[in-house]
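Each chain gets a letter, A, B and so on, in the order the sequences are listed, and its residues count up from 1.
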Number of protein chains: 2
Amino acid sequence: MSAARNTRSPLPEGGEAQSDLLDWEAGMIDVFVRAASLIGVPKSIGQIYGLLFCSEEPLPMDEIMDKLLISKGSASQGLKTLRGIGAVKPVYLIGDRRDHYTCEDKLRRLVGGFISDQVNPHLTSGSDRLDVIEAAIKRDNPENAKHALGRLKLLRSWHSKTKLFLPAVQKFL
Amino acid sequence: MSAARNTRSPLPEGGEAQSDLLDWEAGMIDVFVRAASLIGVPKSIGQIYGLLFCSEEPLPMDEIMDKLLISKGSASQGLKTLRGIGAVKPVYLIGDRRDHYTCEDKLRRLVGGFISDQVNPHLTSGSDRLDVIEAAIKRDNPENAKHALGRLKLLRSWHSKTKLFLPAVQKFL
DNA sequence: CACGTTGTTCAAAAAAGCTTGAACAAAATG
DNA sequence: CATTTTGTTCAAGCTTTTTTGAACAACGTG
């Protein structure tokens, strides 16, 4: 095998912070950042998840800050969100006061956590909104009430299809 | 049936533009705006789709502008995007030079259009990125190369599951 | 072919969302 | 209990995205 002093991503460094990511790590993190933005999740969260995905060991917050060059606020907030959807899990190491984190790497759980945290609440409140709309139609009784009720019915069918669909996603993945 | 002068949403009006949405329409549009933002689509696009969803007749751009109180630029740009994913269809009415639009109201087609326009391109380019990562691992041959390759393999499996999954979505909905 | 209508484009303004950093809380240490 | 370490919160700043509006292209029409 050919010699190789691991090529690293840009970012020359001066005093404290140091990126120190290998190319393959930077590449993977990039994949996660893109995937995150596709589903409307902030960059820093994709970065953190990606870094943990690459890491063989659980990482504490300050290492995450150093490697990704993000602020304490971002790191703390990002980990909070990731914990919330169950995408990272805290690991307690003896002899180290700091919380360490690993990523959840079962696709099914990742998706499940995201759905129940980010999607289901909207689905639930959506149901109430449809009831309000129905009330408005019946109250105002516009001349095209028949059409309006038809649309409402269609929307309700989309709603219930989606509710059936999401659990099915779990099984599939 | 009880008397009722249709209650309308806020927005007193002065000279030209007029919102003139009924409560039930405003409610439905709101549902679409929320759904749109859930999947990272701008508000104005959700509004336009919602308005067309409520309307019994195809609508021309200037009516859309007037009812939603949005600018010509937004309306034009929003319709362009919606046409792009096949969420609205142009309808040509004789005796009227203006293009009119109706919404696509088959859920399957809506979702299909969105996926092939917004998701598939990312999936495709993602595949190339994984190859680049693999090359980086083999080139640098870091001491944890075994672990790195394991992660890459996992990510590849997620990738192919997703590729299988998306067409399945179509059938289900 | 001059004119009015319809629709697109794009630079600048506005809005929305993310990140930062400093102040604060909590908890372990000596 | 004073001090240090670890982590959270949140207002202010910054970036990115969206919206606006005016200039311009396209196209019928008379």
note: Ile70(A), atom CD1; dG21(C), atom P; distance rounded to Å ~ 12 Å
From CG of Asp96(A) across to P of dA28(C) the rounded distance in Å is 14 Å
| Taking it one step at a time, do Lys72(A) and Met61(A) satisfy side chain to side chain contact (heavy atoms under 4.5 Å, CB included)? | CA-CA 8 Å; Lys72(A) 208 198 243 208; Met61(A) 200 173 87; 3.7 Å; yes
> Honestly curious: do Leu154(B) and Trp24(A) fall in one hydrophobic cluster under the side-chain, below-4.5 Å linking rule?
Replying inline: yes
Does Ser44(A) put a side-chain nitrogen or oxygen below 4.0 Å from OP1 or OP2 of dT19(C)? yes
Practice prompt. Select base, sugar-phosphate, or nothing to describe what Leu79(A) touches, counting heavy atoms under 4.0 Å on all strands.
Written response: nothing
Exercise. Contact class for Asp99(A) (heavy atom, under 4.0 Å): base, sugar-phosphate, or nothing?
Worked result: sugar-phosphate
Rounded to whole Å, NZ of Lys43(A) lies from C1' of dC14(D) at a distance of 13 Å
note: Ile48(B), atom CD1; dT20(D), atom P; distance rounded to Å ~ 10 Å
Between CG of Leu68(A) and P of dT20(C) the distance, given in whole Å, is 10 Å
| query | With a 4.0 Å cut-off on heavy atoms, is Arg97(B) in touch with a base, just the backbone sugar-phosphate, or nothing at all? | reply | base
In this structure, NE2 of His147(B) is separated from CD1 of Ile137(B) (nearest 0.5 Å) by 10.0 Å
- dT20(C) phosphate, OP1 or OP2: any side-chain N/O from Ser74(A) under 4.0 angstrom? yes
Between CG of Leu38(B) and P of dA16(C) the distance, given in whole Å, is 18 Å
Here the gap from Arg139(B) atom CZ to Asn141(B) atom CG, rounded to the nearest 0.5 Å, amounts to 11.5 Å
Original post:
With respect to the phosphate group of dT8(D), does any side-chain polar atom (N or O) of Arg83(A) fall under 4.0 Å of OP1 or OP2?
Top reply: yes
Worksheet entry | Phe53(A) and Phe32(A) aromatic ring geometry - parallel, tilted or perpendicular at 30°/60° bounds | tilted
Met61(B) has its side chain closest, among dT19(C), dT8(C), dT8(D), to dT8(C)
When rounded to whole Å, the CG to P distance for the pair Asp66(A) and dT20(C) reads 13 Å
- Query: Are any of Lys80(A)'s side-chain N or O atoms less than 4.0 Å away from OP1 or OP2 of dT9(D)?
  - Reply: yes
Considering only heavy side-chain atoms of Lys72(A), the closest of dG7(C), dT8(D), dT19(D) is dT8(D)
Ser71(A) has its side chain closest, among dT19(D), dG7(C), dG21(C), to dG21(C)
Winner on side-chain proximity to Arg98(A), out of dT6(D), dT20(D), dT9(D), is dT6(D)
Separation of dG7(D) atom C1' from Gln77(A) atom CD, nearest Å, is 12 Å
